[in-house]
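First up is the structure itself, then whatever we jot down about it.
This one's a predicted model, so the numbers in the text were calculated from it and none came from an experiment. Naming convention: chains lettered A, B, ... in sequence-line order (proteins, then strands); numbering from 1 in each chain.
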Protein chains: 2
Amino acid sequence: MNQELPVPGLNEVTLSEALKALADNGRRAVILDLMSRSPEEHPCSSFDLPKAKSTRTHHWRVLREAGLVTQREVGNGSFVRLRKDEFEARFPGLLQSIRQADMNGA
Amino acid sequence: MNQELPVPGLNEVTLSEALKALADNGRRAVILDLMSRSPEEHPCSSFDLPKAKSTRTHHWRVLREAGLVTQREVGNGSFVRLRKDEFEARFPGLLQSIRQADMNGA
DNA sequence: ACAGAGGTACGGTAAACATCGTACCACGAA
DNA sequence: TTCGTGGTACGATGTTTACCGTACCTCTGT
């Protein structure tokens, strides 16, 4: 099995959706972690998201639907990739400002 | 009567609070409107927030508690002011990126 | 063949949130 | 003094959301 989960085009993603997705501490932490890694995909299991499995699934879906990540199922596990350039084109500077605020201790 | 409503210091405001406050369409519209005006205070009644009075009160409180505005009660009406510089110091670039995304039609 | 790891889907629960109506308050104008 | 305007506070309601357990799936390693 090798299934790319459906994601919206970035033009269909609203600013409200993006902000809501990033407002959650756990989800934002995951995105910040992704930003600090190489641009390729990474195993979902490699992120620190100390919640029940089904809750993690939920959070990945929210991030997908907000246009922040793509996700590929490999049966055994799944992998996520930050949609860095697309997201940046749609919401210029947003991820950077969030990273900056995080570094400032917010 | 002339009462300045209490607001948190910007250092006590979390990024989650700020993002949640800005994720709401109506509240974000008000902030964008404020950004386009002169830096002084403006009457609450001068903003387009087509909701019940008690709902508007609620939204202003959320914006206050997220460190985005100060509010002064004058008995007759009330006035809000964008905490532009303070917010910018705490969350650099955030308001700008939101304005940019808004101008891009998000 | 079977167990374990990493997931999804579904159903339920509790908390948070947006919204409203009502009652009430302060001021300005007729 | 009475009315209209622009608010706040409180209580209620419906929806969204975060979270979990359970059942089930797929692949890997023994």
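Side-chain N/O atoms of A:Gln3 include none lying less than 4.0 angstrom from OP1 or OP2 on C:dG7. The shortest distance between the side-chain N/O atoms of A:Thr57 and the OP1/OP2 oxygens of C:dT8 is below 4.0 Å. Distances shorter than 4.0 Å separate some side-chain N or O of A:Arg61 from OP1 or OP2 on C:dA9.
Spacing between atom CH2 of A:Trp60 and atom P of C:dT8 amounts to 10 Å, rounded to whole angstrom units. One interatomic measurement links the two molecules: CD of A:Glu73 to P of C:dA9, which rounds to 7 Å at whole-angstrom precision. Atom CZ in B:Arg56 sits roughly 8 Å away from atom C1' in D:dG6 (whole-Å rounding). Separating the CG atom of B:Leu49 from the P atom of D:dT8 is a distance of 12 Å, rounded to the nearest angstrom. Protein atom NZ of B:Lys53 is 15 Å distant from nucleotide atom P of C:dA26, rounded to whole Å. A:Gln71 places its CD atom 8 Å from the P atom of C:dG7, with the value rounded to the nearest Å. Summarising the geometry, the separation between CZ on A:Phe79 and P on C:dT8 is reported as 12 Å, rounded to the nearest angstrom.
Between the base of D:dG21 and the side chain of A:Ser54 there is a donor-acceptor pair shorter than 3.5 Å.
Here salt bridge (charged side-chain N to carboxylate O under 4.0 Å, His left out) pairs that include residues 86-105 of chain A, with residues two or more places apart or in two chains, are A:Arg83-A:Glu86.
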Distances for protein N or O near nucleotides 28-30 of chain C N or O, under 3.5 Å:
none

Would you tabulate the nitrogen or oxygen pairs shorter than 3.5 Å linking the protein to nucleotides 12-18 of chain D?
from: D:dA18; atom 1: OP1; to: A:Arg27; atom 2: NH2; distance (Å): 3.0
from: D:dA18; atom 1: OP2; to: A:Arg27; atom 2: NH1; distance (Å): 3.3
from: D:dA18; atom 1: OP2; to: A:His58; atom 2: NE2; distance (Å): 3.1

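Remark: A:Leu49 engages A:Val30, A:Arg56, A:His59 in a side-chain contact (heavy atoms from CB on, under 4.5 Å) (not counting sequence neighbours). Under the side-chain contact (heavy atoms from CB on, under 4.5 Å) criterion, B:Ala89 pairs with no residue, sequence neighbours left out. Remark: B:Ser46 pairs with B:Arg37 by the side-chain hydrogen bond (donor to acceptor under 3.5 Å, both in side chains) rule, at least two apart or across chains. For B:Ser38, the side-chain hydrogen bond (donor to acceptor under 3.5 Å, both in side chains) partners at least two apart in sequence or on another chain are B:Glu40, B:His42. Among residues two or more places apart in sequence or in another chain, the side-chain contact (heavy atoms from CB on, under 4.5 Å) test is passed with B:Pro39 by none. Applying the salt bridge (Lys or Arg N to Asp or Glu O under 4.0 Å) rule to A:Arg72 yields the partners A:Glu41; only residues at least two apart in sequence or on another chain are considered. Residues satisfying the side-chain hydrogen bond (donor to acceptor under 3.5 Å, both in side chains) test with B:Arg64, not counting sequence neighbours, are B:Gln71.
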Tabulate below the donor-acceptor pairs under 3.5 Å that side-chain atoms of residues 5-14 of chain A make, not counting sequence neighbours, or state none.
from: A:Thr14; atom 1: OG1; to: A:Glu17; atom 2: N; distance (Å): 3.1
from: A:Thr14; atom 1: OG1; to: A:Glu17; atom 2: OE1; distance (Å): 3.3

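Contacts between residues 39-48 of chain A and DNA chain D, defined by a heavy-atom separation below 4.0 Å, involve no residue at all.
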Open item on the list: Assess the residue pair B:Leu19 and B:Ser16 against the criterion (side chain to side chain contact (heavy atoms under 4.5 Å, CB included)); give the C-alpha distance rounded to whole Å, side-chain angles, the decisive distance to 0.1 Å, and a yes or no.
Closed with: CA-CA 5 Å; B:Leu19 293 175; B:Ser16 281; 5.9 Å; no
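Side-chain atoms of A:Leu94 and B:Leu94, non-hydrogen and from C-beta on, do get closer than 4.5 Å to each other.
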